[in-house]
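Everything numeric here is computed off the predicted structure, so don't read it as measured data.
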Protein chains: 2
Amino acid sequence: MRSYGQFCGLAKSLDIIGDRWTLLIVRELLIRGPSRYTDLRIGLPGIPTNLLADRLRDMEEAGLLRRDMSPAPAAAAVYVLTPRGEALETVIAALGRWAAPLLEAPAKDDVFLPHWLVLPARLYLTDRAPRKPPVRIEVRDRDQRVTLEAANGRVTARVGPADKPDAVIIGPTPLAWQLLLAKIDLAHARKAGLAVEGKPAALKRFGPLPRQ
Amino acid sequence: MRSYGQFCGLAKSLDIIGDRWTLLIVRELLIRGPSRYTDLRIGLPGIPTNLLADRLRDMEEAGLLRRDMSPAPAAAAVYVLTPRGEALETVIAALGRWAAPLLEAPAKDDVFLPHWLVLPARLYLTDRAPRKPPVRIEVRDRDQRVTLEAANGRVTARVGPADKPDAVIIGPTPLAWQLLLAKIDLAHARKAGLAVEGKPAALKRFGPLPRQ
DNA sequence: CCGGATCCGGGTTGATACTG
DNA sequence: CAGTATCAACCCGGATCCGG
């Protein structure tokens, strides 16, 4: 990207992360941790492969990520955020919070990959019963699994299956998201194609943050 | 800007503010308040005039700003941030903080307009003597003036001349900034072309934030 | 001078094909 | 799997022009 040539923090940061796709690549690495080229490509539907390669080069040069060779047996290159790259989480959180009103309406043609639940779960969901014992649920869409946990008043989320989940939501991610935000109720969700196994009451532990 | 087509807060926000120059226009409006087209152009050195016009249209359509006609006598159009546009201050602050390490070294070919001091002053400077009475200084570069105030442990900043300043720094903005950050001392700054009127001790009230 | 509109060359992006 | 190559379409930058 061409520099703005302005001695200003905002302009300097945009010089580095203002290119198209760059912040989305950081998002993927924040959510999934060290990732291979192909995993990044899958997590970024629509990205031209040459741009992904270009960006990864630029971002390595800018000190946002490192390209690591994983240990001997499987010689796969993985991309890993540096601390400097991880520090962009605050920026992504600010953008995510600003965009909250745009996520109320359900997606239309938008792609919604299950693992993207991780960031909004952290940003927009709250634990509605902080005093009660922790609750863990799994969201499953095809073979993708995401684990959400409500404990001590906080919601955490990560990619991967849950260990002994209290409930499992199975079906299209957009529906699961609507259900967690309490935009639709369980009966409606089931009619629309969602299955819930385990204790549906566990879902009530999650809800939208109060309007800021 | 073409949409990413992803149901994700980050992607949605970038759909709106990811275009080149857009966030810098927000910066100008945050710093200067309601501004005319020409003022924006001056505050954004390097922007092609057609792009500024395009962006202002896009941003109005996106609900980030309004175009207001000022009252009858001087029929000047001014651009004003909507609350939605003002809410981007948190995003700009996050980007500014992330960029802090990039602003330690002095600018080279970079442009440094005086009014840009306002944001970094708020973000990077601290009041070193919260208990003492407030201190107000003016930074003057050619005919541009910026007012900084340290009071009750906080630093505030705005465009315009200061009322009864305790000190006035006159000269190139980059030098003034270095001085405020305590990167250079007063003697060095004077030798490099900076003049300080009033009580130079007032400058000691300002200093860099401790390393986060 | 203010507030743009128009035009054009070059760089970036998007889509797809191809390769070690 | 992990990219490179190619090419069209689009966006950006720079310059010029124009009506109040």
Asks: For A:D141, enumerate each residue passing the side-chain hydrogen bond (donor to acceptor under 3.5 Å, both in side chains) test, keeping only those at least two apart in sequence or located in another chain.
Replies: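 A:T173.
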Asks: Does B:R154 have more than 12 heavy atoms from other residues, nucleotides or ligands lying within 6.0 Å of its CZ?
Replies: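 Atom CZ in B:R154 is not crowded, with 12 or fewer foreign heavy atoms closer than 6.0 Å.
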Asks: Could you tell me how far apart A:I25 (CD1) and D:dA2 (P) are, to the nearest whole angstrom?
Replies: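 Value for this atom pair: 15 Å.
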Asks: Taking atom P of C:dT13 as reference, at what distance in whole Å does atom CG of A:L24 sit?
Replies: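 In whole Å, C:dT13 P and A:L24 CG are 13 Å from each other.
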Asks: Determine, for A:D39 against A:R32, whether the closest basic-nitrogen to carboxylate-oxygen distance falls under 4.0 angstrom.
Replies: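 No salt bridge links A:D39 with A:R32.
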Asks: Mind checking side-chain contact (heavy atoms from CB on, under 4.5 Å) for A:A11 and listing every partner two or more places apart, or none if nothing turns up?
Replies: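 Here the qualifying residues are A:Y4, A:Q6, A:C8, B:L24, B:R27.
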Asks: Could you measure the distance from the CG atom of A:D163 to the CZ atom of A:R136? Nearest 0.5 Å is fine.
Replies: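 Between atom CG of A:D163 and atom CZ of A:R136 there are 5.5 Å.
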Asks: Which parts of residues 37-44 of chain B get close to DNA chain D, meaning a heavy atom less than 4.0 angstrom away?
Replies: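 Listed by number, there are none.
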Asks: Side-chain N or O of B:R57 less than 4.0 angstrom from OP1 or OP2 on C:dG3?
Replies: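 Answer no for this pair, as no side-chain N or O of B:R57 is under 4.0 Å from OP1 or OP2.
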Asks: Of all residues at least two apart in sequence or in a different chain, which pass the side-chain contact (heavy atoms from CB on, under 4.5 Å) check with A:V80?
Replies: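 Partners of A:V80 by the side-chain contact (heavy atoms from CB on, under 4.5 Å) criterion, ordered by chain and then number, come out as A:P34, A:R66, A:D68, A:V78.
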Asks: I need a per-nucleotide contact map over nucleotides 6-20 of chain D, read 5' to 3'. Cutoff is protein heavy atoms under 4.0 Å; write B for the base, S for backbone only, - otherwise.
Replies: B-----SBBBB----
Asks: For A:E89, enumerate each residue passing the side-chain contact (heavy atoms from CB on, under 4.5 Å) test, keeping only those at least two apart in sequence or located in another chain.
Replies: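 Residues passing side-chain contact (heavy atoms from CB on, under 4.5 Å) with A:E89: A:L30, A:R122.
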Asks: Look at the rings of B:W177 and B:F112 and say which category their plane angle falls in: under 30° parallel, 30 to 60° tilted, over 60° perpendicular.
Replies: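 Perpendicular: the ring planes of B:W177 and B:F112 meet at over 60°.
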